[in-house]
Visitor: 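Provided herewith is a single structure, encoded as C-alpha cells, for subsequent inquiry.
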Amino acid sequence: MKQVIVDPSFWEIFPDAQVNILYANGIDNHDDQAKLTERQQLLKDATAAAGQFLTNETFRLNPVVDQWRGAFQQFKKKKGARSSIEALLKRVNQGRNFDPIDPLVDVYNSVSLTYGVPVGIEDRDKIAGDMHLGQVDGGQSFQPVGADGDEPTMPGEVAYYDDQGAVCRCLNWRDAQRTMLTADSQNIVAVIEAVNPEQATRANEAMAELSKLINRYFDVQPSPVFRLTKDQPVAVGPDNLMK
C-alpha cells in the first residue's frame, strides 16, 4: 500500500467528516495463550463501557446508532448495510458476550465498544497501490469475508478501494476476504471515521487508545495519527513515514 486518499466525492457527502488513519509495522498477530485471559477481560470491560451509548430503550434512537443510520442514508448501499459500531452495540443491547477472535480484532473491537466509534484494520501488504475512500462507480470486485463469490460494489456506494477492487464496502460495514487480517498479518492500517465534531472527539480518543494497546500487546510503536479532512485528505505512505 502506498498511501490513503479520501476522494473529493466523500467530502461532497460529508463535508464536516474526519477520517483517522494509523499505521503499524512488524506485528505478530499469532494468538498467545498467555494473553488470552487478558483479552477476555479487555472485551468484558469494553462491553460494560459500551452501555453509556445505550441509554434509550429503543435501540435505533440511541444517538450513536441514529447518527450512523442517518449517514448511511446519504449514499447508495446494499440492503441491510449498517455501520460496524451499530453491529457491535446491537450485540451488547441483546446481552451477548464477545469471545476472543484474534489479538488485533479483539483489540480494535474493544476500542470500538469503549468509544462508540467504527474501527477497522486492514492488512497493508494485501492492498494494491493507494487505498481510497470515496463514492465508487460500481462494479469493483469484492468477496466478503466468509463468502464464496464476488459481490461487486454498487454505483454511488461509499467504499474503501484499491487498484484491485473494494477493500471495505459501505464505509466500515463489510471487509473483503482479500485484505482481511489473519494470524500472519504484520503491517496494518487502522481507520476510524467520524461524521460530526462530537464523533471526531471520540475518534481522536479512540485512536490514541488503539495506539497504546497496539504498543502494549504487540511491542511495536505505531505511526502518528493522521486526521484527514477535506482540507488535508491524504495520509502519507507508511513506508516513507516509518523508515
Side-chain angles (χ1 to χ4, degrees), residues 1-6 17-32 35 38-47 49-50 52-53 64 83-85 88 98 100-127 131 133 160 167-168 171-172 175 179-183 185-195 197-229 232-243:
M1 191 192 85
K2 295 179 180 179
Q3 59 187 348
V4 178
I5 301 171
V6 182
Q18 177 178 295
V19 180
N20 286 4
I21 302 293
L22 181 76
Y23 303 122
N25 289 348
I27 283 175
D28 182 353
N29 197 38
H30 292 87
D31 212 349
D32 184 347
K35 288 189 175 180
E38 187 176 357
R39 293 197 337 262
Q40 288 173 325
Q41 188 63 47
L42 186 70
L43 290 167
K44 184 177 179 180
D45 292 344
T47 301
Q52 67 185 298
F53 306 112
V64 170
S83 175
S84 62
I85 182 56
L88 293 177
F98 291 87
I101 298 173
D102 75 30
L104 269 172
V105 173
D106 295 342
V107 164
Y108 81 69
N109 276 345
S110 75
V111 170
S112 187
L113 288 163
T114 300
Y115 293 92
V117 294
V119 183
I121 295 184
E122 303 291 343
D123 187 327
R124 274 197 349 257
D125 294 329
K126 300 174 183 176
I127 295 173
M131 184 170 78
L133 172 62
Y160 288 90
V167 171
C168 191
L171 287 171
N172 220 322
D175 278 330
T179 59
M180 67 178 285
L181 294 175
T182 69
S185 296
Q186 298 182 34
N187 304 313
I188 58 99
V189 54
V191 302
I192 302 179
E193 307 99 355
V195 295
E198 187 270 336
Q199 288 185 6
T201 296
R202 286 188 282 110
N204 293 341
E205 295 169 351
M207 199 58 108
E209 180 65 16
L210 180 62
S211 181
K212 292 177 183 177
L213 289 175
I214 288 174
N215 181 255
R216 170 180 163 190
Y217 278 94
F218 305 101
D219 195 28
V220 299
Q221 183 58 54
S223 73
V225 176
F226 293 88
R227 298 176 182 175
L228 304 187
T229 65
Q232 179 53 55
V234 179
V236 67
D239 291 338
N240 291 327
L241 184 69
M242 301 176 71
K243 284 181 179 178

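As a basis for the values below, the full set of heavy atoms in this structure was taken, side chains included, without hydrogen atoms, waters or symmetry mates. Small disclaimer: the values here were computed from a predicted structure and weren't measured.
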Visitor: For a quick test of reading the model, state the closest non-hydrogen atom pair linking Gly26 to Asn187 and the distance between them.
Guide: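 Scanning both residues completely, I find the closest heavy atoms to be N-OD1, 3.1 Å.
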Visitor: Could you tell me the separation between the CG atom of Leu133 and the CE atom of Met131, rounded to the nearest 0.5 Å?
Guide: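 These two atoms lie 8.0 Å from each other.
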Visitor: At their closest point, which heavy atom of Val236 faces which heavy atom of Gln3, and how far apart are they?
Guide: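 Val236 and Gln3 have their closest heavy atoms at C-CB, 4.2 Å.
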Visitor: Could you tell me if the side chain of Leu22 sits less than 4.5 Å from the side chain of Val189, heavy atoms only?
Guide: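 A side-chain contact is absent here, since even the closest heavy-atom pair is not under 4.5 Å.
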Visitor: Determine whether a donor-acceptor pair (N or O, by modelled atom type, separation under 3.5 Å) exists between the side chain of Thr179 and the backbone of Asp175.
Guide: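 Answer holds: no.
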Visitor: Taking the side chain as every heavy atom from C-beta outward, state whether Phe53 and Leu88 have any atom pair closer than 4.5 Å.
Guide: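 A side-chain contact under 4.5 Å is absent here.
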Visitor: Please report the shortest heavy-atom distance between Phe226 and Ala235, naming the atom on each side.
Guide: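 Between these two residues, the closest heavy atoms are CG-CB, 3.7 Å.
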Visitor: Does Asn25 reach the side chain of Arg124, with side-chain heavy atoms less than 4.5 Å apart?
Guide: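 Heavy-atom side-chain distance check passes, below 4.5 Å.
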Visitor: Rounded to the nearest 0.5 Å, what's the gap from CG on Asp102 to CG on Asp32? Could you check?
Guide: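 Going from the CG atom of Asp102 to the CG atom of Asp32 covers 12.5 Å.
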Visitor: Go through Val191 and Asn172 one step at a time and tell me if the side chain to side chain contact (heavy atoms under 4.5 Å, CB included) criterion holds.
Guide: CA-CA 9 Å; Val191 302; Asn172 220 322; 3.9 Å; yes
Visitor: Residues two or more places apart in sequence or in another chain: which of them pass side chain to side chain contact (heavy atoms under 4.5 Å, CB included) with Thr229?
Guide: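 Applying side chain to side chain contact (heavy atoms under 4.5 Å, CB included) to Thr229 gives Asp231, Gln232.
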Visitor: For the atom pair CD1 (Ile121) and CE (Met180), what is the distance rounded to the nearest 0.5 Å?
Guide: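 Taking CD1 in Ile121 and CE in Met180, the distance rounds to 13.0 Å.
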Visitor: For Val64 and Glu198, what are the C-alpha separation, side-chain angles and deciding distance, and is it a side chain to side chain contact (heavy atoms under 4.5 Å, CB included)?
Guide: CA-CA 10 Å; Val64 170; Glu198 187 270 336; over 6 Å; no
Visitor: Sequence neighbours excluded, which residues qualify as side chain to side chain contact (heavy atoms under 4.5 Å, CB included) partners of Lys212?
Guide: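 With sequence neighbours excluded, Lys212 shows a side chain to side chain contact (heavy atoms under 4.5 Å, CB included) to Glu209, given in chain and number order.
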Visitor: Kindly compute the distance separating CD1 (Ile85) from CD (Gln199), expressed to the nearest 0.5 Å.
Guide: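 Interatomic distance, Ile85 CD1 to Gln199 CD, rounded to 0.5 Å: 10.0 Å.
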Visitor: Using 0.5 Å steps for rounding, measure from the CE atom of Met1 to the OH atom of Tyr23.
Guide: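 Nearest 0.5 Å value for the CE-OH distance: 4.0 Å.
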Visitor: Strictly below 4.0 Å, N to O, side chains only: are Glu122 and Lys126 in salt-bridge contact?
Guide: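 Salt bridge absent between Glu122 and Lys126.
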Visitor: Given side chains that start at C-beta, do those of Ile27 and Ile188 come closer than 4.5 Å, heavy atoms only?
Guide: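 Touching, per the 4.5 Å side-chain cut-off.
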Visitor: Report the distance from atom CD1 of Ile214 to atom CG of Asp219, rounding to the nearest 0.5 Å.
Guide: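 CG of Asp219 is found 12.5 Å from CD1 of Ile214.
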Visitor: Indicate every side-chain donor-acceptor pair of residues 104-116 with a distance under 3.5 Å to a residue at least two apart or in another chain.
Guide:
from: Asp106; atom 1: OD1; to: Ile101; atom 2: N; distance (Å): 2.8
from: Asp106; atom 1: OD2; to: Arg39; atom 2: NE; distance (Å): 2.7
from: Asp106; atom 1: OD2; to: Arg39; atom 2: NH2; distance (Å): 2.9
from: Asp106; atom 1: OD2; to: Ile101; atom 2: N; distance (Å): 3.4
from: Ser110; atom 1: OG; to: Val107; atom 2: O; distance (Å): 2.7
from: Ser112; atom 1: OG; to: Val117; atom 2: O; distance (Å): 2.4
from: Thr114; atom 1: OG1; to: Ser110; atom 2: O; distance (Å): 2.8

Visitor: List in chain and number order the residues that pass side chain to side chain contact (heavy atoms under 4.5 Å, CB included) with Gln18, two or more places apart in sequence or in another chain; answer none if no residue qualifies.
Guide: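 Once residues adjacent in sequence are excluded, the partners of Gln18 under the side chain to side chain contact (heavy atoms under 4.5 Å, CB included) criterion are Asn20, Ala200, Asn204, Arg227.
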Visitor: Quick check: do Tyr217 and Glu38 have side-chain heavy atoms less than 4.5 Å from each other?
Guide: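 Tyr217 reaches Glu38 side chain to side chain.
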Visitor: Would you mind reporting whether Pro233 and Ile5 have side-chain heavy atoms less than 4.5 Å apart?
Guide: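 Heavy-atom side-chain distance check fails, nothing below 4.5 Å.
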Visitor: Ser185: which residues meet the side chain to side chain donor-acceptor pair (under 3.5 Å) condition with it, sequence neighbours left out?
Guide: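 Partners of Ser185 under the side chain to side chain donor-acceptor pair (under 3.5 Å) test: Asp123.
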Visitor: List the residues meeting side chain to side chain contact (heavy atoms under 4.5 Å, CB included) with Gln52, not counting sequence neighbours, and say none if there are none.
Guide: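 So Gln52 forms a side chain to side chain contact (heavy atoms under 4.5 Å, CB included) with Ala49.
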